[in-house]
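Take a look at the structure set out below.
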Amino acid sequence: MGNLELSFTHGFYMPKRRIERIAAVISIVSFGGSMIFGAVQAVSSGLNQAAVIPQPTAAAKPSPVSLPKSKIPAQEREYEIVLKSEPNNQIALEGLVNVRLQMQDHQAAMQPLEKLVKLNPSKQEYKTLLAQVKQEISKGK
């Protein structure tokens, strides 16, 4: 009988096919709403976490996590190896600057720091740090 089958729902007789369609529409709308709500929550959560996680930048002082003195030369070599294959790798450049500043080797920190300034002319942090390093070098002479 297909469309002619009737179902008794809340005191009304409705074709069974129509009830199935209404149930399908309600299910689709509910599913779509939950998907949109989940996507909005995920994007919102991602934006909140992005605001909390600091981006790596060169600081005016050596990195807050100082390496033991015995590991500093090895770390310096690792950054130099990375820079041989990727000369503009900013993370390696920043790391090399920080390691050399921890070693109090201001002269050696100049070259990677100058490269960071050239690669990022709008970053005032690099320019400030370069000025401080030049000042330390002039004091030492």
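The structure presented is a predicted model; accordingly, all values stated were derived computationally and were not measured.
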Mind checking what makes side-chain contact (heavy atoms from CB on, under 4.5 Å) contact with [X], not counting sequence neighbours?
X    : answer
L119 : N88, Q90, L93, K115
I26  : I22, S30
Q135 : K139

With rounding to the nearest 0.5 angstrom, report the [atom1] to [atom2] distance, [X] to [Y].
X    : Y    : atom1 : atom2 : result
I72  : R77  : CD1   : CZ    : 12.0 Å
S138 : H106 : OG    : NE2   : 11.0 Å
R17  : E20  : CZ    : CD    : 6.5 Å
N98  : Y79  : CG    : OH    : 7.5 Å

Non-hydrogen atoms of L96 and P112 that approach each other most closely = CD2-CG, 4.0 Å

Between A109 and L101 the two heavy atoms that sit nearest each other are CB-CD2, 3.9 Å

Answer with yes or no whether the hydrophobic clustering places L113 together with I137; edges join I, L, V, M, F, W, Y residues whose side-chain heavy atoms lie under 4.5 Å apart.
-> yes

Sequence neighbours excluded, which residues qualify as salt bridge (Lys or Arg N to Asp or Glu O under 4.0 Å) partners of E80?
-> R100

E94 and Y126: side-chain donor and acceptor closer than 3.5 Å?
-> yes

Who else is in the cluster with V82 when I, L, V, M, F, W and Y are joined by side-chain contacts under 4.5 Å?
-> none

Apart from V25 itself, members of its ILVMFWY cluster (side-chain separation under 4.5 Å) are V29

Side-chain donor or acceptor of K127 paired with backbone N/O of V117 under 3.5 Å | no

Measure from the side-chain N and O atoms of N89 to the backbone N and O of A92, and report whether any donor-acceptor pair falls under 3.5 Å.
-> yes

Could you walk me through whether L130 and L116 pass the side chain to side chain contact (heavy atoms under 4.5 Å, CB included) test, one step at a time?
-> CA-CA 10 Å; L130 181 60; L116 280 170; over 6 Å; no

Residue pair E76 / Q102, side-chain heavy-atom distance below 4.5 Å | no

